[in-house]
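Heavy-atom basis, side chains included; hydrogens, waters and symmetry copies ignored. We're numbering straight along the sequence, starting at 1. Owing to the predicted nature of the structure, the values given are computational and were not obtained by experimental measurement.
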Amino acid sequence: MNGGDGEVVAAPSPLDWKFSQVFGERTAGEEVQEVDIISAIEFDKSGDHLATGDRGGRVVLFERTDAKEHGGSRRDLERMDYQVSRHPEFRYKTEFQSHEPEFDYLKSLEIEEKINKIRWCQTANGALFLLSTNDKTIKFWKVQEKKVKKISEMNTDLGKSNGNGSIASSSVSSSPNLYRANGGCSDASLSFSSNELSFPPGGISSLRLPVVVTSNETSLMARCRRVYAHAHDYHINSISNNSDGETFVSADDLRINLWNLEISNQSFNIVDVKPANMEDLTEVITAAEFHPTHCNTLAYSSSKGSIRLIDLRQSALCDTHSKLFEEQEAPGSRSFFTEIIASISDIKFGKDGRYLLSRDYMTLKLWDINMDSGPVSTFQVHEYLRPKLCDLYENDSIFDKFECCLSGDGQRVATGSYSNLFRVFGSIAGSTEATTLEASKNPMRRQVQTPSRPTRSLSSSLTRVVRRGAESPGIDANGNSFDFTTKLLHLAWHPSENSIACAAANSLYMYYA
């Protein structure tokens, strides 16, 4: 990857990853409940909050604590010469039930509560806002700290001040025998019956009625502000916020809809790939992502391994793309599995929007949006699985949807694999970084550095293709047999620091470098 103004950036040395934290760690032999398995991870733009969603429809929020201890932003702490923690540390903040299981009676289909995606929205007035979606319904949540309101106790002590601050009158007797347990009064001047009610002159100054008071205690409240429903016939696979802060898109297999955050009963269909005859269907939409700074630019990927860039200013229905990114097949390399493993499961823009990262079953590809002749770099994630594609097809593992992420500085990319492994690659030209890490307290246990293996460009000499990360076929990085049941599908990179959060079943692991 080159610098934005054309100069070549020197490849940094590989990072030394260390374990930071784990939430929801399992004990040996503990059975994982299906509803507890994490299905989505997302940092907010500041990196101070992290959200996870699970198959039980819950959203769990974590907040950063290492900067909060001294109260202030990292920049302020550096200015005051505070010793800033070497890596982000998070703590549990709150959780709420985002989605419940539903049943579509018209189609006789069960709708799972599983959270497919979470996206943070812009904060306002100290409140956090986020979007969460399951297969059919998107919800807009507001999470805010509110002061706890309590009911003040009734003050029956005559010697103390009442609720209005006045002092008990000396004319009222404080005799213990004066008042009865049931609230009656033995003094004739204060007595009343069903027929008459009399009070001493000036009233009973010592009685304080219960009132609602605001305490200094606070509690986090999650409130669903809007529900965006009934707009998708097929399962929603992605949602993405627009940089304008007002709109977002949701994508299913055949359509992409544009929403305004303020309007939940109306959306606009901007991409529709559904053919007139469903027998003519050859590809489906797998992911959609807005450009981080250009609010009119949207990218979406397909099951055929292509990425289309569209300009929302061109027409209301963007059925024609402005750019198409796809890699040409090498002659004679086609097989039964070619199209299946070419399907893109996730796409992510870099922070500046110049580069686009895509993940298919076997590889990560980095694309320059100014160059549609081919990927800038290709990273082989688990090439040793290629001889096992038939087995992977039999047990449906070949259809697993792995996510990908880029570092905030754009110098590295990461994605998951099987046996709870994930891989980090250097994306700068000349980098040989290809690190294998395990989601455990000892992440470097399976570490094997593999040399880069440049291959010839498939098109012109302008296209630099670098393939890295290949290992000996049939075994994993450590010579162990692979466990296809433990897969690391979801991970996220901190927006400004070298810190990664990843999900291994119901456990959230965090690492730093």
Side-chain angles (χ1 to χ4, degrees), residues 39-43 53 114-120 131-136 138 231-243 247-259 269-274 281-292 294 297-310 312 318 321-327 339-350 353 355-367 369 372 375 379 381 398-406 413-416 487-493 503:
S39 56
I41 300 180
E42 186 80 4
F43 280 105
K114 185 187 96 169
I115 305 296
N116 289 344
K117 295 288 178 183
I118 296 173
R119 289 291 180 267
W120 289 92
L131 290 165
S132 63
T133 184
N134 65 353
D135 285 339
K136 294 288 184 180
I138 307 156
H232 288 278
D233 291 330
Y234 304 92
H235 290 178
I236 298 171
N237 54 48
S238 55
I239 52 176
S240 178
N241 304 80
N242 199 340
S243 58
T247 56
F248 70 95
V249 292
S250 57
D252 64 23
D253 290 344
L254 299 180
R255 294 187 178 96
I256 300 176
N257 293 332
L258 178 69
W259 301 83
N269 179 225
I270 56 173
V271 175
D272 189 346
V273 300
K274 184 178 181 181
L281 183 68
T282 58
E283 63 180 331
V284 296
I285 298 166
T286 57
E289 185 88 357
F290 262 120
H291 190 281
H294 299 164
T297 303
L298 176 77
Y300 70 92
S301 58
S302 84
S303 57
K304 278 195 167 181
S306 61
I307 303 170
R308 290 172 173 84
L309 213 60
I310 59 173
L312 302 184
C318 302
H321 52 266
S322 54
K323 282 191 177 179
L324 175 67
F325 303 95
E326 59 183 353
E327 190 171 25
E339 198 164 301
I340 300 174
I341 64 174
S343 178
I344 294 174
S345 56
D346 191 27
I347 55 172
K348 291 278 175 27
F349 273 103
Y355 293 92
L356 184 63
L357 183 68
S358 67
R359 170 70 203 262
D360 57 44
Y361 188 69
M362 299 297 290
T363 65
L364 272 176
K365 291 187 175 75
L366 188 68
W367 307 81
I369 65 169
D372 53 8
F379 310 98
V381 180
I398 202 168
F399 302 107
D400 287 334
K401 307 297 182 188
F402 291 95
E403 292 179 3
C404 59
C405 58
L406 297 93
V413 296
T415 192
K487 56 194 82 169
L488 200 150
L489 302 176
H490 312 285
L491 76 172
W493 201 302

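We find the OG1-CZ distance between T286 and R359 to be 12.5 Å, quoted to the nearest 0.5 Å. The OG atom of S358 sits 9.0 Å away from the CG atom of D346 when rounded to the nearest 0.5 Å. Atom SG of residue C404 and atom CG of residue L491 lie 8.0 Å apart, to the nearest 0.5 angstrom. Separation of atoms CG (L357) and CD1 (I344) is listed at 10.0 Å; rounding is to 0.5 Å. Note that the CD1 atom of I369 and the CG atom of L356 stand 8.0 Å from one another [nearest 0.5 Å]. Interatomic distance, L298 CG to S240 OG, rounded to the nearest 0.5 Å: 7.0 Å.
Taking 4.0 Å as the cut-off between side-chain N and carboxylate O, E42 and R119 count as a salt-bridged pair. Comment: E326 does not engage K365 in a salt bridge, judged by the lack of any side-chain N to carboxylate O separation of less than 4.0 angstrom. Looking at R308 and E283, a side-chain N of the basic residue comes within less than 4.0 Å of a carboxylate O on the acidic one, giving a salt bridge.
L309 and A299 make their closest contact through CD1-CB, 3.6 Å (heavy atoms, listed as atom of the first residue, atom of the second, distance).
Here the side chains of I398 and I341 are in contact, with some heavy-atom distance below 4.5 Å. Taking 4.5 Å as the limit, some side-chain heavy atom of Y300 sits within range of a side-chain heavy atom of I310. Residues L254 and V284 meet the side-chain proximity criterion, which asks for heavy atoms closer than 4.5 Å.
Ring geometry for W259 against F248 counts as parallel: the plane angle stays under 30°, on a 0 to 90° scale with 60° as the upper cut.
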| request: Show the numbers, then the answer: is there a side chain to side chain contact (heavy atoms under 4.5 Å, CB included) between N116 and D135? | output: CA-CA 7 Å; N116 289 344; D135 285 339; 2.8 Å; yes
| request: Check the pair L312 / F290 against side chain to side chain contact (heavy atoms under 4.5 Å, CB included), numbers first and verdict last. | output: CA-CA 11 Å; L312 302 184; F290 262 120; 3.7 Å; yes
| query | Would H232 and N257 satisfy side chain to side chain contact (heavy atoms under 4.5 Å, CB included), going step by step from the backbone distance to the final call? | reply | CA-CA 8 Å; H232 288 278; N257 293 332; 3.5 Å; yes
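Side-chain atoms of H490 and S39 form no donor-acceptor pair, as typed in the model, at a separation below 3.5 Å.
Among residues two or more places apart in sequence or in another chain, the salt bridge (Lys or Arg N to Asp or Glu O under 4.0 Å) test is passed with R255 by D233, D272. With sequence neighbours left out, the side chain to side chain donor-acceptor pair (under 3.5 Å) criterion links K136 to no other residue.
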